[in-house]
Structure formats: structure tokens, C-alpha cells
Amino acid sequence: MREITLGRTGLKVKSLGFGGIPIQRVAEEEAIDVVRRCYELGLNYYDTARGYTTSEERIGKALEDAREDVVLATKSHQRSAEGIKRELEISLRNLRTDYIDVYQLHNVQNEEQWRQVREPGGALEAVEEAKQQGKINHISVTSHNPDLSVEMVKTGLFETLMIPYNYLTTYPSEKLLPTCKRLNVGTVIMKPFGGGAFSNASTALKYVYSNPDCDIVIPGMMTVAE
């Protein structure tokens, strides 16, 4: 795995990261084994979310003794400052840490949600305050809407963007990914296997890695064998 600098965060991460959705579907012991095996193999970027039920807790248990060696990313669907503050504290407890490396506004999909997070009392207000307090190191956003994502990254508010990209979902490569590269916004690629639809993981990963505008890919892994 290559080591890359994740946009202007300055974080040094391996080009393959860990997507935290699948480990909520297996027993806790197996989930912890999966995370530890990834750590042993050299992965150092771990992505989860408040919405992924037990995922944060399991990653926290698996990596508590390796905190300084890994980059922890989580996210919240909350659109208000009050909601973000509440969920951030839960995430910190679950992940057994006193800071989150990359904190993402989760799935900002349309202009109305984008307005909500920016207005007074909105989510951005809380994450900016948390960053000043040292609870968050880098502010980021996730979306499935490439056109809105272009608008969001151009504001300069976000240091990374998570977006789906694979050999069936190619639209981000036309404008969004080059814009991120130009603005030094780190790109975190989700759904490289089409949400589990692709059977050949190697081919799917090669496709994403062939695009120089992609920084890190975070497939989900549910078992040690995977």
C-alpha cells in the first residue's frame, strides 16, 4: 500500500482504509478480530459513523491501545449544533479517545440540508467550536451528490470529502475529483465494490486506483478472510 498525504489535512495514511459498516453485522469478537487484523496488515485509516450502530464501539475496543498509530474518522447525520455536540460526545466515548482525527458531516445530499448545516445554530457551528476545543482535528463532509459536492468543497470549509466512485459510478471523475485535487481536498472513496455488487475486488480496486485524483479507498470488510 502506498502512503499518501490526505489533502491539506497533512495526515499520512495508507491508500487502503477500513470502512466500518460491515462489522456491525457480525459478533463483537469477530468484529474486533477483523479490525485488529487490518491493523496488523498496516491499515491506519478507520472510518465509522454514529449511524453504524455498534461500529464505533467495536473499533474503539479494537484500537484503544494503538490510538497514536491510527487515524479515526467518524460522522454524524445531525444538522444542528446541539445535535452534533451530543453525538460527538458519544463518538468520543465509543472510540475511547479524546479527539477525532476526521469528523464528517454525514450525507449532505441537497441544497436544503446544505443550508441547514451552515445556518446559525447549524452543524458547522458546532464542529468549528469542537475543533477549537481540540475535540476534532479536521472538518469534513460526505455526500452522494457530486454536483452539490463541488459547491461544498469550493467553500474551503472542508479538508476531505467522501464520495462513492467505482467503474459504474464514474460521474465524480468528470468534475468533482479534479476539483478536489486542485483545491487540495482529500478524497475518500466509498463503495468501490458498488455496495457489494462487484465480485472481483481486485479489478474494482484497480479501477479506482487508476485515477490519480483518488486519495484513499475504504471498502468494508466483515471477516478476517475478506
One thing to verify: whether Asp101 and Arg67 come together as a salt bridge, which I'm taking to mean a side-chain N less than 4.0 angstrom from a carboxylate O.
yes
So if you build clusters from Ile, Leu, Val, Met, Phe, Trp, Tyr with side-chain heavy-atom gaps below 4.5 Å, do Leu72 and Val217 land together?
yes
Heavy-atom pair with the smallest gap, counting every atom of Ile163 and Asn145:
CD1-N, 4.2 Å
Worked check of side chain to side chain contact (heavy atoms under 4.5 Å, CB included) between Cys38 and Met221
CA-CA 9 Å; Cys38 287; Met221 289 158 275; 4.1 Å; yes
Okay, side chain of Gln24, backbone of Ile21: is any donor-acceptor separation there less than 3.5 Å?
yes
More than 12 heavy atoms of other groups within 6.0 Å of Lys75 NZ:
yes
Verify, without hydrogens or angle tests, whether Thr203 (side chain) and Asn200 (backbone) share a donor-acceptor contact under 3.5 angstrom.
no
Do you know which two heavy atoms are closest between Ser143 and Met190, and how far apart they sit?
O-CE, 3.6 Å
Applying a strict under-4.5 Å side-chain criterion to I, L, V, M, F, W and Y, I'd like to know whether Leu95 and Leu43 cluster together.
yes
Check: Thr170 side chain, Tyr167 main-chain N or O, donor-acceptor pair, under 3.5 Å:
no
Test salt bridge (Lys or Arg N to Asp or Glu O under 4.0 Å) applied to Glu28 - qualifying residues, sequence neighbours left out:
Lys61
Do Val102 and Val71 make a side-chain contact, defined as non-hydrogen atoms from C-beta onward lying under 4.5 Å apart?
yes
Can you classify the ring geometry of Phe158 versus Trp114 as parallel (below 30°), tilted (30 to 60°) or perpendicular (above 60°)?
tilted
Backbone of Gly60 reached by a side-chain donor or acceptor of Glu64 within 3.5 Å
no
Between Lys135 and Leu88, is any pair of side-chain heavy atoms under 4.5 Å apart?
yes
Considering all heavy atoms, the nearest Pro178-Lys175 contact
CD-O, 3.3 Å
Is there a donor-acceptor pair under 3.5 Å between the side chain of Gln109 and the backbone N or O of His144?
yes
Looking only at non-hydrogen atoms, find the nearest pair between Leu41 and Met1 and report the distance.
O-CE, 3.6 Å
Supply the members, apart from Ile90, of the Ile/Leu/Val/Met/Phe/Trp/Tyr cluster built from side-chain contacts under 4.5 Å; use none for a lone residue.
none
Using side-chain heavy atoms (C-beta onward) and a distance below 4.5 Å, is Asn107 in contact with His77?
yes
Nearest heavy atoms of Arg50 and Ser91, plus distance in Å
CD-OG, 3.0 Å
Report the C-alpha separation of Arg58 and Val35 in whole Å, then their side-chain angles, then the decisive distance to 0.1 Å, and conclude whether the side chain to side chain contact (heavy atoms under 4.5 Å, CB included) test is met.
CA-CA 8 Å; Arg58 292 171 172 191; Val35 177; 5.8 Å; no
Using the ring centroid of each side chain, check whether Tyr165 and Tyr171 are separated by less than 6.0 Å.
no
Are Leu11 and Thr5 packed together at the side-chain level, in the sense that at least one heavy-atom pair is separated by less than 4.5 angstrom?
no
Do Ile189 and Leu177 come close enough that some side-chain heavy atom pair is under 4.5 Å?
yes
Lys/Arg-Asp/Glu bridge criterion (N-O < 4.0 Å) met for Arg93, Glu57:
no
Same hydrophobic cluster for Leu205 and Met162, using side-chain heavy-atom links shorter than 4.5 Å among ILVMFWY?
no
Tell me, with the steps shown, if Glu56 and Thr74 meet side-chain hydrogen bond (donor to acceptor under 3.5 Å, both in side chains).
CA-CA 8 Å; Glu56 282 185 335; Thr74 193; 2.6 Å; yes
Nearest 0.5 Å, what's the CG-OG distance between Leu161 and Ser140?
8.5 Å
Charged N-O contact under 4.0 Å between Asp215 and Lys181:
yes
Listed once per pair and sorted, the ring-ring contact (aromatic ring centres under 6.0 Å, His included) pairs that draw on residues 2-27, sequence neighbours left out
Phe18-Tyr46
Check for a donor-acceptor pair, side chain of Glu87 on one end and backbone N or O of Gly83 on the other, with a separation under 3.5 Å.
no
Rounded to the nearest 0.5 Å, how far does CG of Leu6 lie from CG of Asn184?
9.0 Å
Min side-chain heavy-atom separation Asp47-Val188 under 4.5 Å
no
Lys/Arg-Asp/Glu bridge criterion (N-O < 4.0 Å) met for Arg36, Asp65:
yes
Is there a donor-acceptor contact under 3.5 Å from the side chain of Thr142 to the main chain of Val108?
no
Could you go through Ser199 and Phe193, starting from their C-alpha distance and side-chain angles, then the distance that decides it, and tell me whether this counts as side chain to side chain contact (heavy atoms under 4.5 Å, CB included)?
CA-CA 8 Å; Ser199 59; Phe193 306 149; over 6 Å; no
Checking Glu128 against Lys131 for the side chain to side chain contact (heavy atoms under 4.5 Å, CB included) test, could you report, in this order, the C-alpha distance in whole Å, the side-chain angles of both residues, the deciding distance, and whether it holds?
CA-CA 5 Å; Glu128 288 169 352; Lys131 185 176 181 181; 5.6 Å; no
Would you indicate whether the side-chain heavy atoms of Lys14 and Arg2 approach each other to under 4.5 Å?
no
Check ion pair Glu111-Arg115 (N to O, under 4.0 angstrom)
no
Look at the side-chain heavy atoms of Ile, Leu, Val, Met, Phe, Trp and Tyr, link any pair under 4.5 Å apart, and say whether Ile100 and Val13 land in one connected group.
no
Between the side chain of Asp147 and the main-chain N/O of Leu176, is any donor-acceptor distance below 3.5 Å?
no
If you measure from the Lys or Arg side-chain nitrogens to the Asp or Glu carboxylate oxygens, is any gap between Glu82 and Lys85 under 4.0 Å?
no
Give the minimum heavy-atom separation between Val208 and Asn166, together with the two atoms involved.
CG2-CA, 4.4 Å
Which distance, rounded to the nearest 0.5 Å, do you find between the CD of Glu68 and the OG1 of Thr97?
7.5 Å
Same cluster or not: are Ile216 and Ile59 linked, directly or through other Ile, Leu, Val, Met, Phe, Trp or Tyr residues, by side-chain heavy atoms under 4.5 angstrom apart?
no
For the residue pair Leu183 and Lys154, establish whether any side-chain heavy-atom pair is separated by less than 4.5 Å.
yes
If you count every heavy atom of other residues, nucleotides or ligands that lies below 6.0 Å from Glu40 atom CD, does the total exceed 12?
yes
